[in-house]
Amino acid sequence: MEWFQRITSVYDLIRPVLDIVILAFLIYKAYELLVKTQAIQLIKGAGVLAIVYGLAVLFKLTTLQWILNILAPGLFIAVVIVFQPELRKIIIRMGQGELFRPDIKPSLGQLEAVVTAAETLSQERRGMLVVFPRRVNIRDVIDTGTRLNADISSSLIVTVFEFDTPLHDGAMVIQNGRIVAAGCFLPLSEQQDIKKSFGTRHRASLGMSEQSDAVVLVVSEETGAISLAYDSKLYYELSPLEITRKLRELLDRGARKGNSVISESGNAESDKKGVFIEH
């Protein structure tokens, strides 16, 4: 039984490391899941309260500790009530196995297929609206459309956005390397000084970028211009090469903070809202 004792002794040595690794993995996946929903605000709020309570204990602020101890149960119940929809989404996603399901970014070939479809529709003056979610969950938007769960192909995208088809007026959502849904309704932008020539598609793409970190590809039915909306900004009339490069960059690296600059050969200017418009 000497070999068994050796195995036991080795296991005793690696058990703490294994325990920490598994726990760290679970915490990371849970955080990754929370970031995709608005429930991340819950974590931030709880962190602020924990810091305040820690400072109260450190500096022996007895009155503040007494107030926090009284309010703690009520705050917990209030948080559960306020974030009940988000908590339900988290539990549903865990039940569907999404806690351990990795996000699959569209490949370069898939992105080129989308851009090819955009070029085709642009030449034919047909509108197009495609949403690429990043970290923020947009399940509510997906649920407004028709589920497809189809492979990405330029012919399918062109077919969906043909005139007089049932789904051509809404938005298509591409997530995890699949066409998840089409005919989805997007929120319209609340900005008041958008260029008046922009139609509903541009306002919807900008509105989606204001309420989430999604990247939205839009083709104008009137002018055929191909544009991108993200981070509450609309980058108007980009070339197919710029669209492909920027989509790959944004979807590979996730949401970016701060101002993004796109080279457009000097044919664009921005207004005070950061919406880029053609001269």
Side-chain angles (χ1 to χ4, degrees), residues 29-43 79-106 110-111 114 117-118 127-153 156-162 164-190 199-219 228-232 247 250-251 254-255:
K29 296 304 291 186
Y31 174 78
E32 192 177 53
L33 183 61
L34 286 171
V35 167
K36 295 178 183 178
T37 70
Q38 298 299 326
I40 191 62
Q41 299 173 9
L42 185 154
I43 302 300
V79 164
V80 171
I81 294 174
V82 171
F83 289 95
Q84 184 268 339
E86 294 298 331
L87 294 174
R88 181 176 58 189
K89 290 178 184 178
I90 292 172
I91 294 172
I92 291 174
R93 290 169 68 92
M94 291 177 65
Q96 294 173 340
E98 295 188 26
L99 178 61
F100 302 101
R101 187 182 303 166
D103 286 334
I104 302 172
K105 303 300 181 185
Q110 291 173 327
L111 291 179
V114 177
M128 172 179 168
L129 198 56
V130 178
V131 180
F132 297 89
R134 289 193 279 181
R135 299 184 67 86
V136 175
N137 181 25
I138 62 166
R139 185 178 294 271
D140 292 343
V141 171
I142 294 173
D143 289 341
T144 64
T146 301
R147 295 273 183 168
L148 297 181
N149 192 27
D151 293 332
I152 297 174
S153 71
L156 175 58
I157 296 173
V158 171
T159 300
V160 168
F161 289 104
E162 288 279 0
D164 299 327
T165 59
L167 303 178
H168 85 281
D169 273 337
M172 175 180 290
V173 177
I174 294 180
Q175 188 174 34
N176 290 330
R178 306 279 292 176
I179 299 176
V180 179
C184 300
F185 296 101
L186 304 185
L188 298 180
S189 174
E190 297 180 358
T200 303
R201 283 190 179 87
H202 291 91
R203 294 174 183 272
S205 65
L206 190 55
M208 191 67 200
S209 71
E210 292 169 356
Q211 297 192 20
S212 73
D213 65 346
V215 182
V216 186
L217 173 62
V218 55
V219 176
L228 277 181
Y230 59 91
D231 296 339
S232 301
L247 278 175
L250 291 168
L251 297 179

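Here, residue 1 is the first one in the sequence, and each next residue gets the next number. We use all heavy atoms of the structure for the numbers below, so side chains are in, but hydrogens, waters and symmetry mates are not. The structure presented is a predicted model; accordingly, all values stated were derived computationally and were not measured.
Q211 and P187 get closest at one heavy-atom pair: NE2-CB, 3.4 Å. Taking both residues in full, the closest heavy atoms of V141 and M208 are given as CG2-CE, 3.9 Å, listed atom of the first, atom of the second, then distance.
Between I138 and Q175 there is no side-chain heavy-atom pair separated by less than 4.5 Å. Between M172 and V160 there is a side-chain heavy-atom pair separated by less than 4.5 Å. Annotation: side chain of F132 is in contact with side chain of L247 (closest heavy-atom distance under 4.5 Å). Counting only heavy atoms from C-beta outward, the side chains of L129 and V216 approach each other to under 4.5 Å. Taking the side chain as every heavy atom from C-beta outward, L250 and R134 approach each other to under 4.5 Å.
Every residue two or more places apart in sequence or in another chain was checked for a side chain to side chain donor-acceptor pair (under 3.5 Å) with S205, and none qualifies. The side chain to side chain contact (heavy atoms under 4.5 Å, CB included) search around T200 returns L188, not counting sequence neighbours. In terms of the side chain to side chain contact (heavy atoms under 4.5 Å, CB included) criterion, residue partners of D143 (sequence neighbours excluded) are, by chain and number, R139, R147. Take T165 and apply the side chain to side chain contact (heavy atoms under 4.5 Å, CB included) test, not counting sequence neighbours, and it matches E162, H168. Applying the side chain to side chain contact (heavy atoms under 4.5 Å, CB included) rule to S209 yields the partners L206, A229; only residues at least two apart in sequence or on another chain are considered.
Looking only at distances, no side-chain donor or acceptor of R203 sits under 3.5 Å from a matching main-chain atom of S189.
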Could you walk me through whether L217 and L228 pass side chain to side chain contact (heavy atoms under 4.5 Å, CB included), step by step? CA-CA 5 Å; L217 173 62; L228 277 181; 4.0 Å; yes

Stepwise, does the side chain to side chain contact (heavy atoms under 4.5 Å, CB included) test hold for V130 with F161? CA-CA 10 Å; V130 178; F161 289 104; 4.2 Å; yes

Which atom pairs, one a donor and one an acceptor, fall under 3.5 Å between side chains of residues 178-186 and the rest of the protein, sequence neighbours left out?
from : atom 1 : to   : atom 2 : distance (Å)
R178 : NE     : N149 : OD1    : 3.3
R178 : NH1    : D151 : OD1    : 2.1
R178 : NH2    : N149 : O      : 2.6

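Within the model, atoms CG of D231 and CG of D213 stand 8.0 Å from one another, a figure rounded to the nearest 0.5 Å.
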